[in-house]
Enquirer: 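Once you've had a glance at the structure underneath, I'll fire off some questions.
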Amino acid sequence: MNMEIIQSVVSETLVNLMLAVITLAGTYAIYYIRLGASKLQAQTAQIADEKARQLLNNAVLDVANLVTLSVGAMEQTTAKALREAVKAGTKDRAELVALGRDVFNDVKKQIGPEAQRVITKNLGSFDSYLKKCIENEVLKVKQADPILLPESIVFDDSAQPQ
């Protein structure tokens, strides 16, 4: 009878020990699964951030390239002749303001709604950003040709949508 009691106690102890080992192994497994899941979430967020950053970068580059082309084209065709006419007194400065609005509207029409949405989401107003890009490009044109009048392509701030 003593042997049966000892075997029973040893069996119970072994079962309890096995259950403790299984519980510990399960705890470690859950810990590493959660650790892996959080690492995967961080990597996914990083990929999403990189994609968002790339989308913004592409949209900004598209706007900058289109503004450069549009301002350059207007300077070569319309703005140069219009400035000379304003200087001679045959045209009004308001036409230069309208030319700036035309460049703005042309570029805005050519930039896709997704690019506009990305820029608005990350930089605020798309219209404001586009206006600043155009003004910057006009400044570059003025600096490249020092004989240009101060009012090459201009904006009338009161008429410009925000």
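All figures in this text were calculated on a predicted structure; none of them were measured in a lab.
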Enquirer: When rounded to the nearest 0.5 angstrom, what is the spacing between CG in Leu130 and CZ in Phe104?
Expert: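 Rounded to the nearest 0.5 Å, the CG-CZ separation comes out at 5.0 Å.
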
Enquirer: Any side-chain heavy atom of Ile111 sitting closer than 4.5 Å to one from Phe126?
Expert: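 Contact flag for Ile111/Phe126 side chains = yes.
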
Enquirer: Can you see which heavy atom on Leu66 is nearest to which on Val107, and at what distance?
Expert: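 What the structure gives for the nearest pair is CD2-O, 3.9 Å.
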
Enquirer: With no hydrogens and no angle check, is any side-chain donor or acceptor of Ser70 less than 3.5 Å from a backbone partner on Val103?
Expert: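 The answer is no, because no donor-acceptor pair under 3.5 Å joins these two groups.
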
Enquirer: Examine distances only and state if a side-chain atom of Asp106 and a backbone atom of Asp102 form a donor-acceptor pair shorter than 3.5 Å.
Expert: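 It does not hold such a pair.
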
Enquirer: Do Leu123 and Val67 share a hydrophobic cluster, counting only Ile, Leu, Val, Met, Phe, Trp and Tyr and linking them when any side-chain heavy atoms are less than 4.5 Å apart?
Expert: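 As far as the 4.5 Å side-chain criterion goes, Val67 and Leu123 are connected within one cluster.
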
Enquirer: When rounded to the nearest 0.5 angstrom, what distance separates CD in Glu137 from CD in Glu75?
Expert: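 If I round to the nearest 0.5 Å, the distance is 9.5 Å.
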
Enquirer: Considering residues, nucleotides and ligands other than Gln110, do more than 12 of their heavy atoms fall under 6.0 Å from its CD?
Expert: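 Yes, CD of Gln110 has more than 12 neighbouring heavy atoms, counting only those of other groups under 6.0 Å.
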
Enquirer: Can you name the side chain to side chain contact (heavy atoms under 4.5 Å, CB included) partners of Val9, sequence neighbours left out?
Expert: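 Partners of Val9 under the side chain to side chain contact (heavy atoms under 4.5 Å, CB included) test: Ile5, Thr13.
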
Enquirer: Cluster question for you: counting only ILVMFWY and a side-chain heavy-atom cut-off of under 4.5 Å, with indirect links fine, are Leu14 and Ile6 together?
Expert: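 Cluster IDs for Leu14 and Ile6 match.
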
Enquirer: Which distance, rounded to the nearest 0.5 Å, do you find between the CD1 of Ile33 and the OG of Ser38?
Expert: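 The CD1 atom of Ile33 sits 12.0 Å away from the OG atom of Ser38.
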
Enquirer: Could you list who else is in Tyr31's hydrophobic cluster, with ILVMFWY side chains joined at under 4.5 Å, directly or through other members?
Expert: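 Grouped by the 4.5 Å side-chain rule, Leu24, Tyr28, Tyr32, Leu35 form the rest of the cluster around Tyr31.
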
Enquirer: Identify, with sequence neighbours excluded, every residue that meets salt bridge (Lys or Arg N to Asp or Glu O under 4.0 Å) alongside Arg117.
Expert: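 Applying salt bridge (Lys or Arg N to Asp or Glu O under 4.0 Å) to Arg117 gives Glu114.
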
Enquirer: Is there a donor in the side chain of Asn16 and an acceptor in the side chain of Glu12, or the other way round, less than 3.5 Å apart?
Expert: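 Their side chains do not contain a donor-acceptor pair, so the 3.5 Å distance test is not met.
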
Enquirer: Can you name the closest pair of heavy atoms from Gln116 and Lys108 and give their distance?
Expert: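 Closest heavy-atom pair between Gln116 and Lys108: NE2-O, 3.0 Å.
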
Enquirer: A side-chain contact here means heavy atoms from C-beta on lying under 4.5 Å apart; do Leu99 and Glu95 qualify?
Expert: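 They are not in contact (no side-chain heavy atoms under 4.5 Å apart), so the answer is no.
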
Enquirer: Go through it in stages, so that I can follow the logic: the residues are Val60 and Asn122, the test is side chain to side chain contact (heavy atoms under 4.5 Å, CB included), and I'd like the CA-CA distance, side-chain angles, deciding distance and then a yes or no.
Expert: CA-CA 11 Å; Val60 166; Asn122 290 284; over 6 Å; no

Enquirer: Determine whether Asn57 and Gln54 make a side-chain contact, defined as any pair of heavy atoms from C-beta on separated by less than 4.5 Å.
Expert: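 Heavy-atom side-chain distance check passes, below 4.5 Å.
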
Enquirer: Check whether Asn136 reaches the backbone of Lys132 with its side chain - one donor and one acceptor, N or O, closer than 3.5 Å.
Expert: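 Not confirmed, Asn136 side chain does not pair with Lys132 backbone.
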
Enquirer: Verify, without hydrogens or angle tests, whether Thr27 (side chain) and Thr23 (backbone) share a donor-acceptor contact under 3.5 angstrom.
Expert: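 It does hold such a pair.
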
Enquirer: In Å, rounded to the nearest 0.5 Å, how long is the span from CD1 of Ile134 to CG of Leu139?
Expert: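 Ile134 atom CD1 to Leu139 atom CG measures 14.0 Å (nearest 0.5 Å).
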
Enquirer: Would you name the heavy atoms of Tyr129 and Val63 that are closest together and state the gap between them?
Expert: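 That would be CE2-CG1, 3.9 Å.
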
